[in-house]
Amino acid sequence: MLGGFVWVIGDIFQQYAAKYVGISRGIPLSNSNQLWGLLWGILVFGELHGAVLPSISKSSAAPS
């Protein structure tokens, strides 16, 4: 429920940004919401705590 509320508040501020600073500045700022969501999840909720991130090695890379 709280996540949906925060999402709606973000949408409202996106509309204000597009209106007051213009589309060319407001939309790229609002498109950074995925980065902010990732940081929020990591820092506030600890979503990646203990996660093993995949590594890419030469043997698993696509052949050239």
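Along the sequence shown, the residues carry numbers beginning at 1.
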**Request:** Only one of I42, V44, L38 passes side-chain contact (heavy atoms from CB on, under 4.5 Å) with W40; say which it is.
**Result:** V44
**Asked** Is F5 reachable from I12 through a run of I, L, V, M, F, W or Y residues, each pair having side-chain heavy atoms under 4.5 Å apart?
**Response** yes
**Item:** Parallel, tilted or perpendicular: ring planes of Y16 versus Y20, cut at 30 and 60 degrees
**Value:** parallel
